[in-house]
Amino acid sequence: MRYDLIIFDNDGVLVDSEPISNTLLAGYLTELGYPTSYEESVRDYMGSAMHRIHELVEERTGERLPEDFDETFHARVFAAFERELEAVSGAAEVLKGLVAAGVPYCVASSGSHARIRVGHRKTGLDAWFRDENVFSAEDVGRGKPDPDLFLHAAARMGVAPERCVVVEDSGLGVQAAVAAGMDVYGFTAMTPEKKLAGATGFFGTMGELPATLGL
């Protein structure tokens, strides 16, 4: 094993949530008077924390989103998760293998703790995570592409950044991992390699990940 800790992104890597959440985000922004297509939502917001949505809308329009934006959006997302969210194919098998091999891992997500927990419970991935190895941008205040979240996760897990590897599916996540001084492998199931520039390497299915990481 080349690394002492595997840090997983959550949305799009462990749970297949990106199509759901970006469809809802594009629709909600459009509803509020900020026309946004699904493709634009993926381009601008995939992998980011909620504060980035507020910042980009205000930067582009000079207007601020409603105070209850986050609450309303999360309510819609959680309801959709309960109806249709599934784990990324092969994710549970990878986690089971890591536990069997005694390889330390954690999740570090731009999403809130509530969002992480709802997704894990719905998909059954909560069997593989405890409070001690679940980290959110809420813990540090600034999400990806800032490195704070990954550095926080490494520190809490007691591993030096250079001994960590990140598994990501967004350009913002890759930027954050590189800024944290960590290797990062880009998951290309939804995101093409060109949008994951700077990654150490790439893989297309979760079944390929153990060999990719040298397990």
Side-chain angles (χ1 to χ4, degrees), residues 1-3 5-23 25 38-39 41-49 52 77 81 84-99 101 103-111 115-116 119-120 122-125 128-129 133-137 143-147 149-150 153-154 161 164-215:
M1 174 64 180
R2 301 197 297 268
Y3 305 101
L5 176 66
I6 300 173
I7 303 177
F8 289 95
D9 174 44
N10 190 55
D11 293 292
V13 171
L14 297 177
V15 296
D16 193 17
S17 55
E18 293 293 4
I20 298 171
S21 58
N22 281 286
T23 296
L25 179 57
Y38 170 80
E39 291 75 18
S41 180
V42 169
R43 181 194 68 198
D44 294 341
Y45 304 120
M46 182 172 161
S48 69
R52 178 178 169 87
V77 168
F81 280 4
E84 55 191 293
L85 184 64
E86 297 181 354
V88 168
S89 179
E93 289 76 12
V94 168
L95 295 171
K96 182 178 180 180
L98 294 179
V99 170
V103 176
Y105 65 90
C106 65
V107 61
S109 172
S110 291
R115 175 178 172 135
I116 297 167
H120 285 184
K122 176 61 170 62
T123 60
L125 295 184
W128 310 107
F129 290 97
N133 66 344
V134 175
F135 305 101
S136 161
K144 310 164 191 178
D146 292 304
L149 174 56
F150 289 142
C164 299
V165 62
V166 176
V167 181
E168 264 289 352
D169 73 329
S170 76
L172 294 175
V174 169
Q175 292 175 47
V178 171
M182 302 175 180
D183 282 357
V184 52
Y185 284 85
F187 185 30
T188 60
M190 183 173 172
T191 310
E193 289 186 14
K194 65 181 181 181
K195 293 188 177 181
L196 299 171
T200 308
F202 306 94
F203 67 103
T205 68
M206 290 302 290
E208 300 170 21
L209 183 60
T212 300
L213 298 182
L215 297 176

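- Taken to the nearest 0.5 Å, the CH2 atom of Trp128 stands 12.0 Å off from the OG1 atom of Thr123.
- For Asp44, the salt bridge (Lys or Arg N to Asp or Glu O under 4.0 Å) criterion is met by Arg60, not counting sequence neighbours.
- In this structure the side chain of Phe129 never reaches within 4.5 angstrom of the side chain of Asn10, judged on heavy atoms.
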Next on the checklist: Quick one, Leu14 with Val88, criterion side chain to side chain contact (heavy atoms under 4.5 Å, CB included). Give me CA distance, side-chain angles, the key distance, then yes/no.
Outcome noted: CA-CA 5 Å; Leu14 297 177; Val88 168; 5.7 Å; no
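- Between atom CG of residue Leu98 and atom CD1 of residue Ile6 there is a gap of 4.5 Å, rounded to the nearest 0.5 Å.
- Rounded to the nearest 0.5 angstrom, Leu125 CG and Ile116 CD1 are separated by 12.0 Å.
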Distance-only donor-acceptor hits, side chain of residues 173-188, under 3.5 Å, sequence neighbours excluded:
{"residue": "Asp183", "atom": "OD2", "partner": "Tyr3", "partner atom": "OH", "Å": "2.6"}
{"residue": "Tyr185", "atom": "OH", "partner": "Arg2", "partner atom": "NH2", "Å": "3.2"}
{"residue": "Thr188", "atom": "OG1", "partner": "Phe203", "partner atom": "O", "Å": "3.2"}

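- If you take SG on Cys106 and CZ on Phe135, they are separated by 5.5 Å, rounding to the nearest 0.5 Å.
- Residue pairs satisfying the salt bridge (charged side-chain N to carboxylate O under 4.0 Å, His left out) criterion with at least one member in residues 5-21, sequence neighbours excluded, are listed as follows: Asp9-Lys144, Asp11-Arg115.
- By the ring-ring contact (aromatic ring centres under 6.0 Å, His included) test, Tyr45 is found to be paired with no residue, residues two or more places apart in sequence or in another chain being considered.
- Identified under the side chain to side chain donor-acceptor pair (under 3.5 Å) test for residues 202-213, with sequence neighbours left out: Thr205-Glu208.
- Contact of the Val42 side chain with the Met190 side chain is registered, since non-hydrogen atoms from C-beta on lie closer than 4.5 Å.
- For Asp146, the side-chain contact (heavy atoms from CB on, under 4.5 Å) criterion is met by Arg142, Asp148, not counting sequence neighbours.
- What you find for Ser110 and Leu149 is that their closest heavy atoms are N-CD2, 4.2 Å.
- Residues Gly111 and Ser136 share a closest heavy-atom pair of O-OG, 2.7 Å.
- Looking at Val94 and Phe8, their side chains come closer than 4.5 Å, going by heavy atoms from C-beta outward.
- Legend: residues meeting side-chain hydrogen bond (donor to acceptor under 3.5 Å, both in side chains) with Ser170, ordered by chain and number and at least two apart, are Glu168.
- One finds the CE atom of Met46 at 13.0 Å from the CG atom of Leu25 (value rounded to the nearest 0.5 Å).
- Within the model, atoms CG of Asn133 and OH of Tyr105 stand 6.0 Å from one another, a figure rounded to the nearest 0.5 Å.
- Of all heavy-atom pairs between Ala137 and Gly143, the closest is CB-CA, 3.9 Å.
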